[in-house]
Structure formats: C-alpha cells, structure tokens
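Read through the structure below, which is laid out as structure tokens, and then see the notes.
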Amino acid sequence: MVLKVAIQKAGRLHEDSLKLLKECGIEISNGVNKLKSEASNFPLEVYFLRDDDIPQYVEDSVADIGFTGENVVYEKKKKVEVVEKLGFGKCRLSVAIRRHEEYKDAGFLKGKRIATSYPVLVRQFLAEKNIDAEIHEISGSVEIAPGIGLADAICDLVSSGSTLFMNGLKEAETILHSQAVLIKNQNLDVTQRQLLDTLLFRIQAVKKAKNNKYILLNAPNEKLEEIISLLPGMKSPTVLPLAVDGWSSVHSVLNENEFWEIIEKLKAAGAQGILVVPIEKMIV
Ligand code: PRT
Ligand code: ZN
C-alpha cells in the first residue's frame with residue numbers, strides 16, 4: 001500500500017513541494033520529466049501534475065493527497081479537504097485598477113468589466129458586496145487587459161506587486177490570502193489515513209522548526225533570574241555553569257515573531273555572546 005501525492009510538475013510550487021518532502025526525510029528518485037516517481041524510503045508515490053488539475057485528481061482518487069495553492073482549491077470547488085497550510089507559495093488574490101484612478105470601495109466595480117482567471121472567487125466576492133459587474137475570464141497575462149482596453153479592472157494573484165506596477169496598475173482590494181496547502185481525498189481508508197498522519201507529523205515538525213530558533217548565550221550569575229524570565233523555552237531554559245566562575249550558559253528556543261524584541265531585552269539585561277542557531281526538526 002502506498003500513499004499517492006500530487007505535486008506541481010513545474011512552476012512556483014514545484015521546488016518547495018519537493019524540498020518539504022526532502023525535509024521530511026523522504027527521498028524521491030529523480031525523474032521529474034516523468035509523470036510519476038517513487039520514494040525510496042517511504043511508501044509514497046509522487047505524481048507531477050499542473051496545479052489547476054490537482055484538486056480534481058485528488059477528488060477522483062487518482063491521487064490520495066496533493067500540494068497546491070489555496071487559490072486553486074477554492075476556485076475549483078472540488079470535494080477535497082484542506083488538511084494543513086504548508087507555509088510557502090504565499091500570495092494574495094487582489095482586485096487591481098489603473099494607477100491614476102481612485103478606489104474607495106468595491107462600489108468602484110459597479111458596471112465595470114473585470115478580467116480574471118478566477119471567475120468563481122470574483123463572482124463570490126461581487127455577490128457578497130452586492131455588486132453587478134461583468135467578468136471576463138482569461139487564462140493568462142491578465143495584467144495587460146486594462147492596457148489593451150479589454151477590461152476596467154483585473155483580479156489576479158499578487159506577491160511582490162511588481163507585475164501590477166509594470167503594467168500601470170495598483171492593488172485596490174485583496175479578496176483572498178493564499179498559500180500552498182495539503183489537500184486530501186475524502187474517502188481515504190485506514191492505512192492511507194495512517195500514512196497521511198505519519199507524513200503530517202513530519203510536516204508539522206519541519207514547519208515548527210522553521211518558526212523557531214535555538215539560542216545560546218552567556219549570562220553573569222547575578223543577572224540569571226532576569227534573563228531567564230525573558231526566555232520562554234519549550235519547558236524552561238537550560239542553564240549550565242561556564243568554566244569561568246560567576247557565569248552561566250543559557251539555552252532556549254525562541255519564536256521568530258518575538259525574536260528581535262527578546263534579543264534586545266536580553267542584551268540590555270547583560271547577556272553576552274548570543275548565538276542563534278536554526279532548528280532542523282522540532283517535536284513537542
Ligand atoms: O503549469 P501550471 O498550471 O502548474 O502552473 P501555473 O502557471 O498555473 O502556476 P504558477 O507556477 O505560476 O503558480 C502556481 C501557484 O503558485 C499559484 O496557484 C499560487 O498558489 C502560487 N503563487 C504564489 C503564485 C504567485 N505567488 C504569483 N505571484 N502564482 C502566480 N503568481 C503570478 C501572478 O499570476 C502574476 O502574474 O505572478 C505574477 C505577480 O507576481 P508579482 O511578484 O509581480 O506580484
Ligand atoms: Zn496552473
């Protein structure tokens with residue numbers, strides 16, 4: 001019995017999807033040019049597909065699970081379940097208009113022509129706002145539509161914003177925040193579910209490790225109490241005596257979000273020789 005996973009064949013999610021599997025200790029034999037590949041040390045088969053097709057293949061049990069963008073999952077409306085956000089492929093689906101125009105709210109779109117590759121999500125957005133507008137579905141290069149007079153506005157994926165800028169457009173409103181997610185078929189059997197749980201356990205350990213850093217520092221003993229109070233740690237920080245009298249080495253784990261703030265406070269409290277080390281896996 002193997003678990004069949006669908007990942008993007010080529011494109012923005014391909015490398016990160018393979019990298020995540022690798023970080024989970026899963027070795028995929030090369031052969032990206034093939035449709036299918038196998039893991040040598042985990043009961044996993046990898047199918048390389050177009051991102052847009054992945055929800056359909058997972059719904060139809062051609063693949064048991066898949067890595068694809070939330071934008072694709074919600075646009076395609078297939079019967080699949082989102083199991084886990086994967087932390088890469090981050091972008092947003094936004095309405096954009098010509099740079100010199102003013103957008104106060106979605107009322108701007110009333111009676112306008114909107115070009116997009118996401119007709120389902122745009123229609124849903126317009127319905128929520130109670131706005132009548134014309135949707136022009138196009139499959140690529142949506143950002144050139146206003147320039148050639150095909151549309152008054154667009155709705156497309158944005159990450160850095162440079163594509164919009166280069167086409168004389170500006171982002172007006174975000175309708176969806178998206179990232180790569182793991183989706184699963186709704187009818188997995190017991191063995192498939194067990195394999196998925198094993199994979200998920202590893203994915204979560206990798207994700208958690210990425211959001212945390214291991215920190216080591218030296219502290220004068222009279223400042224230890226204050227320094228320890230600044231550190232969360234997994235349980236509590238580790239404190240070891242240094243070879244020099246009156247000093248200790250303190251080890252702990254810090255979350256990325258509060259990292260800089262705590263480092264500043266540690267320095268102010270007298271911590272020295274602060275080392276910050278990436279964590280590879282984190283199991284709590
Ligand atoms: O062949 P296949 O169908 O598999 O690939 P594709 O061309 O449809 O998809 P691809 O590889 O471009 O994107 C795959 C997934 O990556 C998307 O479904 C999103 O979930 C995610 N993603 C993240 C993005 C972006 N960021 C992104 N910036 N997908 C597309 N873009 C495009 C956007 O459409 C626009 O043209 O990049 C341009 C904007 O980028 P910025 O940086 O200029 O703002
Ligand atoms: Zn695609």
Side-chain angles (χ1 to χ4, degrees), residues 4-21 28 31-37 46-60 62-63 65-78 80-99 103 114-122 124-125 135-148 150-151 153-184 203 207 210:
K4 293 175 285 181
V5 55
I7 70 169
Q8 195 189 20
K9 182 173 170 62
R12 285 166 204 266
L13 304 181
H14 173 77
E15 291 285 333
D16 284 333
S17 301
L18 282 179
K19 187 162 144 252
L20 178 59
L21 289 174
I28 312 289
V32 167
N33 291 328
K34 293 187 297 186
L35 169 68
K36 197 171 95 175
S37 205
V46 185
Y47 287 71
F48 299 103
L49 301 165
R50 288 199 56 199
D51 65 341
D52 316 63
D53 297 336
I54 290 176
Q56 178 78 62
Y57 281 117
V58 171
E59 180 185 303
D60 294 345
V62 175
I65 61 169
F67 294 178
T68 188
E70 282 177 291
N71 50 303
V72 173
V73 178
Y74 299 135
E75 176 67 24
K76 300 288 175 189
K77 286 197 176 309
K78 299 293 170 199
V80 294
E81 205 176 302
V82 173
V83 182
E84 182 80 18
K85 300 199 184 222
L86 299 176
F88 59 85
K90 287 189 178 159
C91 57
R92 47 201 190 272
L93 182 63
S94 290
V95 174
I97 60 167
R98 293 185 186 94
R99 198 176 304 145
Y103 185 98
I114 309 167
T116 187
S117 313
Y118 293 86
V120 171
L121 291 172
V122 174
Q124 202 172 302
F125 168 75
I135 296 174
H136 282 256
E137 184 178 350
I138 46 182
S139 58
S141 304
V142 174
E143 62 280 353
I144 64 168
I148 57 172
L150 191 72
I154 66 164
C155 188
D156 198 13
L157 297 176
V158 182
S159 41
S160 68
S162 68
T163 304
L164 293 182
F165 184 81
M166 285 187 306
N167 286 281
L169 303 173
K170 67 175 178 191
E171 202 172 347
E173 181 158 0
T174 295
I175 73 171
L176 176 79
H177 286 274
S178 177
Q179 60 176 289
V181 285
L182 190 165
I183 54 172
K184 70 164 183 157
I203 289 176
K207 266 178 64 185
K210 280 189 186 152

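If you're wondering where the values come from, they're calculated on a predicted model, not measured in any experiment. Along the sequence shown, residues are numbered consecutively beginning with 1. One-based numbering, in listed order, for ligands and for the atoms of each.
- Two residues are said to be in side-chain contact when any heavy atoms from C-beta on lie closer than 4.5 Å; T163 and V158 fail this criterion.
- For the Zn ion (ligand 2), the nearest N, O or S atom contributed by D51 is named OD1.
- Taking any N or O of Y118, backbone or side chain, none lies under 3.5 Å from an N or O belonging to ligand 1.
- Residue S160 approaches ligand 1 through these ligand atoms, each under 4.0 Å from one of its heavy atoms: 41 (P), 42 (O), 43 (O), 44 (O).
- Closest protein heavy atom to atom 1 (O) of ligand 1: R50 NE, 3.5 Å.
- Within the 4.5 Å cutoff, the side chain of D51 has no heavy atoms near those of the F67 side chain.
- The CG atom of L93 sits 7.0 Å away from atom CG of N71, with the distance rounded to the nearest 0.5 Å.
- Applying the 4.0 Å criterion to heavy atoms of N71 picks out, from ligand 1, the atoms 17 (C), 18 (O), 19 (C), 20 (O).
- Atom 7 (O) of ligand 1 is not flagged as protein-proximal [any protein heavy atom, distance under 4.0 Å].
- Close approach to D52 involves these atoms of ligand 1, each under 4.0 Å from a residue heavy atom: 3 (O), 8 (O).
- With ligand atoms numbered from 1 in the order given, ligand 1 contributes 44 (O) to contacts under 4.0 Å with heavy atoms of V158.
- Within the listing of ligand 1, atoms 38 (C), 39 (C), 40 (O), 41 (P), 43 (O) sit less than 4.0 angstrom from a heavy atom of T163.
- Taking any N or O of E70, backbone or side chain, none lies under 3.5 Å from an N or O belonging to ligand 1.
- A donor-acceptor pair under 3.5 Å is absent between the side-chain atoms of H136 and the main chain of I114, judged by distance alone.
- If you check which protein heavy atom lies closest to atom 33 (C) of ligand 1, you get L157 O, 3.2 Å.
- In terms of polar-atom proximity, defined here as any N/O pair under 3.5 Å, R12 does make such a contact with ligand 1.
- Residue-level proximity to ligand 1 for D156 is carried by the side chain, the only part with a heavy atom below 4.0 angstrom.
- Note that the CD1 atom of I65 and the CD atom of E84 stand 11.5 Å from one another [nearest 0.5 Å].
- Here's the thing with G161: one of its N/O atoms is less than 3.5 angstrom from an N/O atom of ligand 1.
- The 12-atom threshold is not exceeded at OH of Y57, counting heavy atoms of other residues, nucleotides or ligands nearer than 6.0 Å.
- What sits closest to atom 5 (O) of ligand 1 on the protein, heavy atoms only, is Q8 NE2, 3.0 Å.
- E75 places a side-chain N or O within 3.5 Å of a backbone atom of V120 that can act as its donor or acceptor partner.
- The backbone N or O of I138 sits less than 3.5 Å from a side-chain atom of S117, completing a donor-acceptor pair.
- Ligand-side atoms of ligand 1 in range of G11: 11 (O), range being under 4.0 angstrom from any heavy atom.
- No option in E171, K170, H177 other than E171 meets the side chain to side chain donor-acceptor pair (under 3.5 Å) test with S94.
- Those atoms of ligand 1 with a heavy atom of L13 less than 4.0 angstrom away are 15 (C), 16 (O).
- Nearest to atom 2 (P) of ligand 1 among the protein's heavy atoms is D51 OD1, 3.4 Å.
- Judged purely by atom type and a 3.5 angstrom limit, Q8 uses its side chain to pair as donor or acceptor with the backbone of A10.
- Once rounded to the nearest 0.5 Å, the distance linking NZ of K85 with NZ of K207 reads 9.0 Å.
- Listed by number with element, the atoms of ligand 1 under 4.0 angstrom from any heavy atom of V72 are 18 (O).
- Note on D52: its N/O/S atom closest to the Zn ion (ligand 2) is OD1.
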